[in-house]
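Each residue takes its place number in the sequence, starting with 1.
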Amino acid sequence: MPSQKIETGHQDTVHDVAMDFYGKRIATASSDSTIKIVGVSNNTHQHLATLTGHQGPVWQVAWAHPKFGSLLASCCYDGRVIIWKEGNQNEWAQAHVFDDHKSSVNSIAWAPHELGLCLACGSSDGNISVFTARADGGWDASRIDQAHPVGVTSVSWAPSTAPGALVGSGLLDPVQKLCSGGCDNTVKVWKLYNGIWKMDCFPALQMHTDWVRDVAWAPNLGLPKSTIASASQDGKVIIWTVAKEGDQWEGKVLHDFGTPVWRVSWSLTGNILAVADGNNNVTLWKEAVDGEWQQVTVVEP
């Protein structure tokens with residue numbers, strides 16, 4: 001598929017781009033305080049909407065699963081998370097505003113749809129909040145206080161099927177787990193026990209020597225192994241794996257990029273990792289049979 005250049009119309013830096021479930025629209029988040037929705041098809045694109053309401057740089061946007069309707073979440077330097085709902089086509093309104101955080105909200109992630117409409121948010125105030133929609137239209141909130149006391153940079157949900165569920169004794173209750181990265185250079189794993197979030201890795205995963213910029217939990221396709229990728233200011237991407245529940249996580253350096261690494265993202269099948277680094281390169285990596293990671297391609301801008 002040939003690459004397509006899309007003019008977003010933003011007046012400042014674009015921090016995040018998210019494609020909707022069907023691959024028909026992208027949402028972009030920018031320092032100009034706005035979010036733009038662009039329709040993409042074949043070789044054309046058209047501007048569909050501009051969402052205004054934030055008062056500062058918008059760091060991330062995330063589409064909810066379409067079974068919940070046309071919903072988009074955004075997080076901002078202003079400390080707020082906004083849930084946007086599309087009513088008539090391309091007409092967006094603020095359905096809900098969360099202002100629980102006292103400083104910049106740096107990362108948001110919708111839980112796997114099997115867990116319901118549920119959004120995790122990581123903030124510079126050190127806390128992670130998890131908002132879950134109720135049937136009456138309200139939201140329940142739970143918190144991980146001081147998850148990374150000097151600031152949370154990134155959050156990512158575990159797949160909802162328990163590792164090994166497809167080869168084990170049938171499907172279990174969905175798993176509620178997430179991982180986070182922070183300015184304390186660590187990656188942490190959290191699990192919901194009886195309504196309370198507790199750390200599920202001891203100690204915290206420590207191999208980075210500078211801020212963790214992004215974490216991404218890989219789809220597991222029913223295999224027993226769990227995998228998390230983390231990207232850091234220190235230039236390294238680390239692949240963390242745990243063979244089975246209760247074991248220790250082990251980290252392995254995928255590559256030292258020699259420049260800060262901003263984002264990591266898994267393919268839907270979980271076997272290819274995309275890495276965006278400070279030299280404006282996006283590279284794709286795949287694990288070889290011998291367990292070594294190899295670069296398979298560079299995405300040409």
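Side-chain heavy atoms closer than 4.5 Å link hydrophobic residues (I, L, V, M, F, W, Y) into clusters, and following such links, possibly through other members, connects W293 to V237. One hydrophobic cluster, built from ILVMFWY side chains closer than 4.5 Å, holds both W63 and L51. Y193 is not connected to F202 by any chain of hydrophobic side-chain contacts under 4.5 Å among Ile, Leu, Val, Met, Phe, Trp and Tyr, and they are in different clusters. Under the 4.5 Å side-chain contact rule for hydrophobic residues, V81 and F68 share a cluster. V150 and I128 fall into different hydrophobic clusters, where Ile, Leu, Val, Met, Phe, Trp and Tyr side chains are chained together by heavy-atom contacts under 4.5 Å.
Between the SG atom of C76 and the CD atom of Q55 there is a distance of 8.0 Å, given to the nearest 0.5 Å. One finds the SG atom of C201 at 13.5 Å from the CG atom of D247 (value rounded to the nearest 0.5 Å). A distance of 8.5 Å separates CG of N220 from OG of S160, quoted to the nearest 0.5 Å. L192 contributes atom CG, which lies 9.0 Å from atom CG of L178 (distance to the nearest 0.5 angstrom). Taken to the nearest 0.5 Å, the SG atom of C75 stands 5.0 Å off from the CD atom of Q60. To the nearest 0.5 Å, atoms CH2 (W262) and CG (N280) are separated by 10.5 Å.
Between Y77 and W59, the ring-plane angle classifies as perpendicular under the 30° and 60° cut-offs.
Looking at W110, its side chain never comes within 3.5 Å of a backbone N or O of H65 through a donor-acceptor pair. Of the possible donor and acceptor atoms, none in the side chain of W240 sits under 3.5 Å from a partner among the backbone N and O of S230. Looking only at distances, no side-chain donor or acceptor of E287 sits under 3.5 Å from a matching main-chain atom of I272. Side chain of D184 to backbone of H148: no donor-acceptor contact under 3.5 angstrom is found. For S30 (side chain) and D12 (main-chain N/O), a donor-acceptor pair under 3.5 Å exists by modelled atom type. No side-chain donor-acceptor contact under 3.5 Å links N42 to the backbone of T44. At least one donor-acceptor pair under 3.5 Å links the side chain of Q11 to the backbone N or O of G9. Proximity of a side-chain donor or acceptor of N90 to a complementary backbone N or O of L48 within less than 3.5 Å is not detected. In this structure a side-chain-to-backbone donor-acceptor pair under 3.5 Å is missing from S104 to G79. Judged by distance alone, with hydrogens and angles left aside, the side-chain atoms of S226 form no donor-acceptor pair with the main-chain N or O of V242 at under 3.5 Å.
Contact of the L71 side chain with the L117 side chain is registered, since non-hydrogen atoms from C-beta on lie closer than 4.5 Å. In this structure, the side chains of R263 and D214 come closer than 4.5 Å at one or more pairs of heavy atoms. Using a 4.5 Å heavy-atom threshold, the side chains of V187 and I238 count as separate. In this structure the side chain of T259 never reaches within 4.5 angstrom of the side chain of N281, judged on heavy atoms. For the pair N127/H101, a side-chain contact is recorded, criterion being any heavy-atom separation below 4.5 Å from C-beta on. I6 places none of its side-chain heavy atoms less than 4.5 Å from the side chain of T28. Side-chain contact check for S123 versus S103: some heavy-atom pair is nearer than 4.5 Å. Counting heavy atoms from C-beta on, the side chains of I82 and I35 never come closer than 4.5 Å.
The 12-atom threshold is exceeded at CG of D290, counting heavy atoms of other residues, nucleotides or ligands nearer than 6.0 Å. Other residues, nucleotides and ligands contribute at most 12 non-hydrogen atoms within 6.0 Å of the NZ atom of K24. Other residues, nucleotides and ligands place more than 12 heavy atoms under 6.0 Å from the NZ atom of K252. Within a 6.0 Å sphere centred on CD of E250, heavy atoms belonging to other residues, nucleotides or ligands number 12 at most.
For an aromatic pair to be called close, the ring centres must be under 6.0 Å apart, and W139 with F98 satisfies this. You'll find the ring centres of W217 and W249 inside the 6.0 Å limit. For an aromatic pair to be called close, the ring centres must be under 6.0 Å apart, and F257 with W285 satisfies this.
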Checklist entry - Going through the distances and angles, do W157 and V130 end up as a side chain to side chain contact (heavy atoms under 4.5 Å, CB included)? => result CA-CA 11 Å; W157 287 86; V130 180; 4.1 Å; yes
Next on the checklist: I'd like to know whether D78 forms a salt bridge (charged side-chain N to carboxylate O under 4.0 Å, His left out) with R80, so could you lay out the CA-CA distance, the side-chain angles of the two residues, the decisive distance to 0.1 Å, and finally the verdict.
Outcome noted: CA-CA 6 Å; D78 64 13; R80 294 188 303 164; 3.5 Å; yes
Item to check | Verdict with supporting geometry, V189 and I228, side chain to side chain contact (heavy atoms under 4.5 Å, CB included) | outcome: CA-CA 10 Å; V189 179; I228 294 168; 3.9 Å; yes
Next on the checklist: Before you tell me yes or no, could you show the steps for V61 and W84 under side chain to side chain contact (heavy atoms under 4.5 Å, CB included), namely the whole-Å CA-CA distance, both residues' side-chain angles and the distance that decides it to 0.1 Å?
Outcome noted: CA-CA 10 Å; V61 281; W84 308 85; over 6 Å; no
Item to check | Check against side chain to side chain contact (heavy atoms under 4.5 Å, CB included), F131 and I83 | outcome: CA-CA 11 Å; F131 300 105; I83 309 284; over 6 Å; no
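Nearest approach of S232 to H208, heavy atoms of both residues: CB-ND1, 3.1 Å. The minimum heavy-atom distance linking H47 with T8 is given by the pair CD2-O, 4.5 Å. Taking both residues in full, the closest heavy atoms of K5 and H45 are given as O-CE1, 3.4 Å, listed atom of the first, atom of the second, then distance. Of all the heavy atoms in V152 and G126, the pair that sits closest is CG2-O, 3.6 Å. The nearest pair of heavy atoms linking A158 to P112 is O-CG, 3.3 Å. For the residue pair A29 and V58, the shortest heavy atom distance occurs at CB-O, 3.4 Å.
Partner of D200 under the salt bridge (Lys or Arg N to Asp or Glu O under 4.0 Å) criterion, out of K188, K191, K177: K177 alone.
Looking only at atom types and distance, the side chain of W211 has no donor-acceptor partner in the side chain of T153 under 3.5 Å away. A donor and an acceptor atom, one from each side chain of N106 and S124, are located under 3.5 Å apart. Residues T34 and D32 have side chains that bring a donor and an acceptor to within less than 3.5 angstrom of each other.
Between D136 and R134, at least one side-chain nitrogen of the basic residue sits less than 4.0 Å from a carboxylate oxygen of the acidic one, meeting the salt-bridge criterion. Between D20 and R25, at least one side-chain nitrogen of the basic residue sits less than 4.0 Å from a carboxylate oxygen of the acidic one, meeting the salt-bridge criterion.
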